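Right, one structure below, let's go through it.
Lettering follows sequence order; numbering is per chain, from 1. Only a predicted model underlies this, so the values are computations on that prediction, with no experimental measurement involved.
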Amino acid sequence: MYLSLFLTFLRIGAFTIGGGYAMLPLIEREAVGRKWMSREEFVDVLAVAQAMPGIFAVNIAIFIGYRLKKTPGSIVCCLAAVLPSFLMILTIALCFAHIKDNAWVDRMFRGIRPVVVALIAVPCLSAAKTVGITWQTAVIPIAAALLIWQMGVSPVYIVLLAAAGGWLYGRLMGRL
Amino acid sequence: MIYLQLFLTYIKIGLFNFGGGYAMLSFIRHEVVDKHGWIGSQEFTDIVAISQTTPGPIGINSATYVGYAATVNAGYSPAMGALGSVVATIAVCLPSFAIVLAISRFYAAFRRNRHVEAAFLGLRPATVGLIAAAALMLMNDDNFVDGKSIALFAVAFALSWRFKVHPIAIIAMAALAGILLY
């Protein structure tokens with residue numbers, strides 16, 4: 001059982017490029033397909049893993065591992081999910097110092113750097129769409145971005161402030 | 001000492017990361033570039049590029065890379081740097097463990113808790129701001145060296161937003177463009 005958990009999450013860690021959401025279909029097929037949990041349970045786990053702080057993929061691995069085999073299971077799943085990217089990045093880190101002053105690599109990265117910014121701007125706009133930002137609520141992300149970008153405020157305070165603000169809003173609207 | 005700093009910083013990053021990898025970027029940058037100066041602004045952008053082309057969550061990738069780079073930049077050997085990777089990577093996962101163990105017992109209650117739901121009314125829009133801050137912070141002279149940079153940005157944005165081209169393909173094209181243009 002531990003071996004099968006380990007191998008499953010190793011595969012998930014090794015083959016998902018582009019963040020936690022890209023690997024959801026893969027995890028669902030493994031977890032629900034192998035009858036580790038029902039589809040309803042899986043959706044519940046997803047909701048909680050999203051609501052938690054931390055890395056989404058790691059949260060899901062720990063959650064599923066814990067539900068199946070308690071603490072040892074969660075350690076096995078987390079380790080397996082993290083191992084492929086850890087090994088790959090460590091290898092890159094060991095080599096990068098030697099190659100980054102290479103003229104070719106330098107030219108490549110000159111082309112890549114502005115593109116990285118575009119590849120962050122796009123998920124920002126998609127997230128704004130998903131969250132349903134309107135002209136009225138746009139003040140929240142704009143204020144958050146300006147505080148971090150221009151004033152150097154730590155995002156920790158933004159997260160705490162936003163959570164407190166949401167709670168207060170719910171309270172004022174009489175939902176709590 | 002560097003290990004302790006890495007450990008505490010990545011615990012904090014693991015604990016306060018809401019809203020996915022991109023929202024995490026502004027936080028990671030704030031900590032590792034602005035506050036501790038472990039890596040430079042350009043190197044940070046390079047890590048993001050590497051993360052986008054390799055498997056695994058960006059939070060893990062950054063912890064592994066920064067753990068290594070911070071230790072080596074502090075004057076230690078590459079082997080000590082590898083240990084720094086281990087320390088930062090474990091630290092970024094630890095808060096998740098603590099929280100999962102704490103809420104597993106009553107997770108259905110947590111999920112439908114009205115107080116938690118209300119907090120998310122504020123957290124969700126703020127997440128968009130966190131991602132925007134990451135993009136804005138990277139719009140600097142290090143990453144945009146001339147007009148060609150701006151053109152590359154615009155083309156990549158259009159390819160990703162309008163035509164849904166995969167990020168790996170876009171980065172590969174950008175690397176090629178860099179060799180041709182510079």
Worksheet, complete the sentence: In short, A:V115 meets B:A174 closest at the heavy-atom pair CG2-CB, 3.6 Å

Discussion item. Given heavy-atom pairs under 4.5 angstrom as the criterion, report whether the side chain, backbone, both or neither of B:A82 touches chain A.
Written reply: both

Practice prompt. Please determine, by modelled atom types, if A:T134 and A:T137 share a side-chain donor-acceptor pair under 3.5 angstrom.
Written response: yes

Worksheet entry | Any side-chain donor near an acceptor of the partner, B:T64 and B:T89, under 3.5 Å | yes

Practice prompt. Measure B:Q42 against the heavy atoms of chain A and call it side chain, backbone, both or neither at under 4.5 Å.
Written response: both

Worksheet entry | Test item: B:I47 and B:N61 side chains (from C-beta on) under 4.5 Å apart, heavy atoms | no

Worksheet item: Which atoms of A:V153 come close to chain B, meaning under 4.5 Å heavy atom to heavy atom: side chain ones, backbone ones, both, or neither?
Response: backbone

Worksheet item: Yes or no on side chain to side chain contact (heavy atoms under 4.5 Å, CB included) for A:L83 and A:F6, after CA distance, side-chain angles and deciding distance?
Response: CA-CA 10 Å; A:L83 210 54; A:F6 186 81; 4.3 Å; yes

Worksheet item: Can you tell me if A:R107 uses its side chain to pair, donor with acceptor, with the backbone of B:Y182 under 3.5 Å?
Response: yes

Discussion item. Can you see whether B:Y10 engages B:S62 through a side-chain donor-acceptor pair at a distance of less than 3.5 angstrom?
Written reply: yes

Discussion item. Report which part of B:F144 has an atom under 4.5 Å of a heavy atom belonging to chain A: side chain, backbone, both, or neither.
Written reply: side chain

Item to complete: Examine whether an atom of A:T130 lies under 4.5 Å from a heavy atom of chain B, and if so say whether it belongs to the side chain, the backbone or both; otherwise answer neither.
Response: neither

Discussion item. Determine whether a donor-acceptor pair (N or O, by modelled atom type, separation under 3.5 Å) exists between the side chain of B:D146 and the backbone of B:S149.
Written reply: yes

Response to the item:
Cut-off 4.5 Å, heavy atoms of chain A, and the answer for B:V72 is neither

Fill in: Side chain / backbone / both / neither for A:V131 at chain B, heavy atoms under 4.5 Å
side chain

Practice prompt. Please flag which part of A:I75 lies under 4.5 Å from any non-hydrogen atom of chain B: side chain, backbone, both or neither.
Written response: both

Worksheet, complete the sentence: Max heavy-atom pairs within cutoff under 4.5 Å with chain A, candidates B:V92, B:L15, B:I179, B:L180, goes to B:I179

Worksheet entry | Residue B:P125 versus chain A: region with a heavy atom under 4.5 Å | both

Worksheet item: What part of B:F97 gets closer than 4.5 Å to chain A, counting heavy atoms only: side chain, backbone, both or neither?
Response: both

Worksheet item: Going by the angle between their ring planes, with limits at 30° and 60°, are B:Y3 and B:Y76 parallel, tilted or perpendicular?
Response: parallel

Worksheet entry | Carboxylate-amine/guanidinium contact A:R113 B:D142, below 4.0 Å | no

Discussion item. Looking at A:K69 and A:Y66, would you say the former's side chain and the latter's main chain have a donor-acceptor pair under 3.5 Å?
Written reply: no

Fill in: Sub-4.5 Å side-chain heavy-atom contact between B:L6 and B:T71
yes

Worksheet entry | Closest-packed option against chain B by number of heavy-atom pairs under 4.5 Å, given A:L119, A:I133, A:L161, A:I158 | A:L119

Worksheet item: Which bit of A:I142 comes within less than 4.5 Å of chain B, counting heavy atoms only: side chain, backbone, both or neither?
Response: neither

Item to complete: Answer with side chain, backbone, both or neither: which region of B:L138 has an atom nearer than 4.5 Å to a non-hydrogen atom of chain A?
Response: both

Item to complete: Please state whether the side chain, the backbone, both or neither of A:L125 comes within less than 4.5 Å of a heavy atom of chain B.
Response: both

Discussion item. If you count heavy-atom pairs within less than 4.5 Å of chain B, which of A:P123, A:A103, A:A138 leads?
Written reply: A:P123

Discussion item. As an exercise: rank B:I171, B:V48, B:D46, B:L152 by heavy-atom pairs under 4.5 Å with chain A and give me the winner.
Written reply: B:D46

Worksheet item: Using a cut-off of under 4.5 Å for heavy-atom pairs, which of A:A162, A:S85, A:A118, A:P114 has the most such pairs with chain B?
Response: A:P114

Practice prompt. Against chain A, label B:A177 side chain, backbone, both or neither, depending on which of its atoms sit under 4.5 Å from a heavy atom there.
Written response: neither

Fill in: Pairs of heavy atoms under 4.5 Å with chain A: top-ranked of B:A69, B:A63, B:S85, B:G59
B:S85

Discussion item. Any non-hydrogen side-chain atom of A:V122 less than 4.5 Å from a side-chain atom of B:F157?
Written reply: yes

Fill in: Greatest number of heavy atom pairs closer than 4.5 Å to chain B - which of A:G132, A:G65, A:P155
A:P155

